[in-house]
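A quick write-up on the structure given underneath.
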Amino acid sequence: MPELPEVETIKNALLLRIKGCTITGIELIRDKSVHKPTPKQFCEQLLKQRIEDIRRRGKYFLFDLSGGEILGIHLKMTGVLLLENKIKLQKHSIAIFRMENRFSLHFVDQRKFGSLWLVDDENEIVGNLGPEPLGQGFTTEILGNTLRRHTIPIKALICDQNAIAGIGNMYADEALYEASIHPLTPSNRLNKNQVTTLHKSIIKVLEKGIAHNGASIRHYQLPDGAQGMAHTQFRVAHRIGKNCPVCGTPVNRICIRGRGSYFCPVCQPE
DNA sequence: CCCGGAACCTGAAGGC
DNA sequence: TGCCTTCAGGTTCCGG
């Protein structure tokens, strides 16, 4: 379940190893994972292109290619990007991109939800995403304006990629805990102080996640196979029954829009 | 507008 | 041991 901090961490690791490299070979193992264009065109058009830059937008990777096109990758829940010296096909390999240097970029995805695109205009992939929470465009005012327009639970709203890009289940729970806001609170019922606090909390938990190289709750790993450490810093996410670090109350879990939501019933009152 | 559920998938975990 | 069910949760789509 890679979210913004995990994608950012992976992106930075990839930049160090394969920025400026030319793609010398592509093995597409699972055609269905390519959303655009056709699998054949995808492989043909990718070949011999140089990776000029790798960017992150929300939870998407955007590879800027020398031909002007953009390779998009989304890991969904179980996708992994590995940099390997030796190509070894795995049970859930999706694609392998061979680089001119000693590395190959190996896309593995146990549940096969992950996606690939090759497009001329990145808006075909990320055009509807909301602002980057760690960018200039994410202000308290913008957040407040978004919240005011909706009555849905705040937890659901901050997980909505079209409202804010990059936040998923884990960091949403952490941000709401940090801001002492109950996850079921209707978005338009947050007062001004709460909006200000939530804005700060979102930035804080995401930056903390990046500082600890992302959270390896389940499948997440860095391109060299290493684990992230951000989950060791979690205060409520995936900590059901454990004590709230502030008041000691056992962490509760409820289902909101089909997702497990962890919170402290005392520190985050309804 | 808001919600629930299905679909896309697999493996881990729990019940019996 | 083993079969069955449930759950995990990013995104999109569809129906009420």
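First the proteins, then the strands, lettered A, B, ... as listed; each starts at 1.
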Check nucleotides 12-14 of chain C for protein N or O atoms closer than 3.5 Å to its own N or O atoms and list the pairs.
none

Return no unless some side-chain N or O of [X] is found under 4.0 Å from OP1 or OP2 of [N].
X       : N       : answer
R30(A)  : dC9(B)  : yes
H238(A) : dC7(C)  : no
K32(A)  : dC8(B)  : no
H92(A)  : dT10(B) : no
K91(A)  : dT10(B) : no

Under a plain distance cut-off of 3.5 Å, with no hydrogens placed, do [Y] and [X] share a side-chain donor-acceptor pair?
X       : Y       : result
H106(A) : E84(A)  : yes
Y220(A) : E3(A)   : no
Q227(A) : Q221(A) : no
Q194(A) : T197(A) : no

Can you give the dot-bracket line for DNA chain B, where a pair is Watson-Crick or G-U wobble with both atom distances under 3.5 Å, crossing pairs use [ ], and | marks a partner on another strand?
.|||||||.|||||||

Whole-Å distance separating the [atom1] atom of [X] from the [atom2] atom of [N]:
X       : N       : atom1 : atom2 : answer
M170(A) : dA8(C)  : CE    : P     : 14 Å
D31(A)  : dC8(B)  : CG    : C1'   : 16 Å
R253(A) : dT6(C)  : CZ    : C1'   : 12 Å
D160(A) : dG4(B)  : CG    : P     : 15 Å
L157(A) : dC3(B)  : CG    : C1'   : 14 Å
I217(A) : dA12(B) : CD1   : P     : 17 Å
L4(A)   : dG10(C) : CG    : P     : 13 Å
H219(A) : dC7(C)  : NE2   : P     : 18 Å

Check every strand shown and say whether [X] touches a base, only sugar-phosphate, or nothing at a heavy-atom separation below 4.0 Å.
X       : value
T78(A)  : nothing
P186(A) : nothing
M77(A)  : base
K76(A)  : base
G114(A) : nothing

Is there aromatic stacking of F113(A) against dT11(C), centre distance under 5.5 Å, plane angle under 30°?
no

On the side chain of R111(A), is there an atom forming a donor-acceptor pair with the base of dA8(C) - under 3.5 Å, no angle test?
yes

Against the side chain of Q110(A), the closest entry in dT11(C), dC3(B), dG11(B) is dG11(B)

Closest to side chain of H74(A), choosing from dG11(B), dT11(C), dC9(B)
dT11(C)

Step by step, work out the side chain to side chain donor-acceptor pair (under 3.5 Å) result for Y177(A) and R235(A).
CA-CA 8 Å; Y177(A) 173 80; R235(A) 309 218 265 168; 4.6 Å; no

Testing K40(A), H35(A), Q41(A) for side-chain contact (heavy atoms from CB on, under 4.5 Å) with P37(A), which one passes?
Q41(A)

Whole-angstrom distance between [N] and [M], as gauged at atom [atom1]:
N      : M      : atom1 : value
dG4(B) : dC7(C) : P     : 16 Å
dT5(C) : dA6(B) : P     : 15 Å
dT6(C) : dG5(B) : C1'   : 16 Å

Below 6.0 angstrom between ring centroids: does that apply to F234(A) and Y171(A)?
yes

Pair H74(A) and F61(A), ring centroids less than 6.0 Å apart:
no

Any salt bridge linking R55(A) with E122(A)? Criterion: basic side-chain nitrogen under 4.0 Å from a carboxylate oxygen.
yes

Run the salt bridge (charged side-chain N to carboxylate O under 4.0 Å, His left out) test on E100(A) and R50(A) for me, step by step, so that the C-alpha distance in whole Å, both residues' side-chain angles and the decisive distance to 0.1 Å come before the verdict.
CA-CA 9 Å; E100(A) 64 181 324; R50(A) 194 171 60 245; over 6 Å; no

Taking a hydrophobic cluster as the set of Ile, Leu, Val, Met, Phe, Trp and Tyr residues connected by side-chain heavy atoms closer than 4.5 Å, whether directly or through intermediates, do F97(A) and L47(A) fall within one such cluster?
yes

